[in-house]
Amino acid sequence: MNAEPLVSVIIPVRGRAQALRRALRSTLAQTLDDFEAIVVDDASDEPLAPVCAALGDDRIRVLRLDANRGPAGARNVGLEAARGRIVAFLDSDDEWDPHKLALQAAILNAPNGPDAHVCAVRQTGPDGTRIRPSRALREGERVATFLYVENEFAQASGMAMRAEAARRAGFDETLRQYEDHLFLIRAEALGARITICPTPLATQHVDPRPDRLGLRDDAARARAFLRAAEGLLTRRERLGFALRCLGGALAAEDPAGARRLALRALAGLEGEAPGGGPLGGAALKLLMRAGAGERAYAGLRAAARIMRRSPSPTGSPRVRSRSSGP
């Protein structure tokens with residue numbers, strides 16, 4: 001095993017031995033072989049070291065945690081232990097195309113190359129396969145705008161980053177969802193140059209397993225993200241996250257609260273772009289998910305305009321503070 005590999009692959013895992021075997025086999029099948037694979041066993045009920053040892057490759061290292069720290073904590077442990085100049089993350093239930101590491105290492109090592117490269121993933125599940133994101137991150141476009149205003153996509157199994165930039169950003173261990181998004185947003189805020197491309201080099205297996213943290217939006221986890229991202233998001237990015245992530249959870253848990261969120265968004269977006277732009281569309285979609293029928297669209301849009309334009313008791317326009325949360 002190379003004491004200073006080019007790439008350190010970090011795989012957080014809790015249980016899921018069968019899926020871990022698949023992930024590791026896809027790692028060992030990489031055309032770039034100058035790597036180490038760090039499996040961080042996040043206090044699984046059954047130790048996973050025997051699963052890894054059975055593959056018979058000394059490039060695999062296993063770090064077992066005594067207490068569960070979640071995906072963010074497990075990745076941070078992997079970052080601390082990584083010896084490579086580049087780190088790449090692989091979720092234990094995903095897998096890579098054979099040339100994934102070679103292509104991303106070439107991009108990061110190119111003259112004036114970026115600090116991080118994120119490839120697209122194929123999401124496969126009962127409803128078929130889709131490739132996300134649909135386009136590249138544009139020059140000068142912020143990662144959070146790409147994700148939450150434009151409703152695009154980035155996921156940990158597509159990420160490769162220079163190790164020093166990854167350690168500076170780190171993963172927020174208060175989060176059990178959206179921690180990979182905040183990792184990218186933090187890295188960008190700290191000066192990392194990030195590219196996101198629509199070429200799929202990884203496969204994300206989407207299944208209804210109940211312990212899959214990213215399977216559905218969760219209101220408590222979404223609010224935790226908004227707290228952790230305080231000061232890192234613009235008003236539109238924060239609103240986009242609230243509509244697309246927090247709103248999705250509220251539509252199931254508190255439909256009236258989801259409708260209020262959507263109406264406030266429409267009121268705040270009125271006049272910014274035709275129909276409020278992509279966020280206006282997200283607000284209207286949320287209204288539908290929260291039980292506002294198609295006939296209610298026009299009335300709800302009109303109500304939002306009235307909420308924004310009607311005078312307050314003091315005679316000043318009724319405008320919601322931009323600094324207030326969703």
Side-chain angles (χ1 to χ4, degrees), residues 1-30 32-96 100-101 155-161 163-180 182-183 186 202-205 207 209-215 221 224 228:
M1 179 174 61
N2 187 347
E4 295 184 358
L6 175 60
V7 181
S8 293
V9 178
I10 298 172
I11 307 174
V13 61
R14 180 173 170 83
R16 307 179 189 175
Q18 184 173 348
L20 176 62
R21 289 189 192 94
R22 180 180 61 197
L24 282 170
R25 288 187 180 119
S26 81
T27 304
L28 298 178
Q30 293 297 299
L32 184 153
D33 61 4
D34 187 9
F35 67 83
E36 63 174 351
I38 303 173
V39 175
V40 184
D41 181 348
D42 194 12
S44 300
D45 292 337
E46 295 292 331
L48 295 172
V51 174
C52 300
L55 294 172
D57 196 305
D58 66 1
R59 291 173 296 180
I60 302 173
R61 288 198 285 153
V62 181
L63 304 178
R64 178 168 169 82
L65 305 183
D66 293 330
N68 176 247
R69 290 176 58 175
R75 292 192 190 106
N76 283 338
V77 169
L79 278 173
E80 292 170 6
R83 296 179 293 206
R85 299 193 303 275
I86 294 169
V87 293
F89 302 99
L90 177 60
D91 285 353
S92 60
D93 41 8
D94 298 340
E95 58 186 313
W96 285 339
K100 193 260 192 188
L101 286 185
Q155 189 254 2
S157 293
M159 298 177 187
M161 186 179 292
E164 64 270 21
R167 291 192 185 98
R168 282 196 300 270
F171 288 87
D172 190 318
E173 297 188 29
T174 67
L175 300 182
R176 290 297 177 116
Q177 195 172 359
Y178 316 111
E179 76 287 340
D180 49 353
L182 187 58
F183 171 71
R186 276 180 167 179
T203 298
Q204 180 186 30
H205 295 279
D207 57 60
R209 194 182 62 243
D211 64 336
R212 190 178 187 97
L213 295 178
L215 180 64
R221 292 173 183 161

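FYI, the numbering just counts along the sequence from 1. All values below were derived from every heavy atom in this structure, side-chain atoms included, with hydrogens, water molecules and symmetry-related copies excluded.
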Item to check | Salt bridge flag under 4.0 Å for residues Arg167 and Glu80 | outcome: no

Next on the checklist: Ring centres under 6.0 Å, that's the criterion: do Tyr178 and Phe183 meet it?
Outcome noted: no

Checklist entry - Do Gln30 side-chain atoms and Leu101 backbone N/O form a donor-acceptor pair below 3.5 Å? => result yes

Item to check | Trace of the salt bridge (Lys or Arg N to Asp or Glu O under 4.0 Å) decision for Arg75 with Asp91 | outcome: CA-CA 10 Å; Arg75 292 192 190 106; Asp91 285 353; 2.9 Å; yes

Item to check | N/O donor-acceptor pair under 3.5 Å between Ser44 side chain and Gly15 backbone | outcome: yes

Checklist entry - If you round to the nearest 0.5 Å, how far is CZ of Phe35 from CG of Leu28? => result 5.0 Å

Next on the checklist: Pairing donors with acceptors under 3.5 angstrom, does anything connect the side chains of Gln155 and Asp180?
Outcome noted: no

Next on the checklist: Please check: side-chain N/O of Arg61 versus main-chain N/O of Ala81, any donor-acceptor pairing under 3.5 Å?
Outcome noted: yes

Checklist entry - Just one of Ile11, Leu65, Leu48 clears the side chain to side chain contact (heavy atoms under 4.5 Å, CB included) bar with Asp41, so which one? => result Leu48

Item to check | Trp96 side chain to Ser157 backbone, donor-acceptor under 3.5 Å | outcome: yes

Checklist entry - How far does CG of Asp94 sit from CZ of Arg22, to the nearest 0.5 angstrom? => result 7.5 Å

Checklist entry - Between Ser8 and Glu36, does any side-chain donor sit less than 3.5 Å from a side-chain acceptor? => result yes

Checklist entry - Any Lys/Arg nitrogen of Asp42 or Arg64 sitting under 4.0 Å from an Asp/Glu carboxylate oxygen of the other? => result no

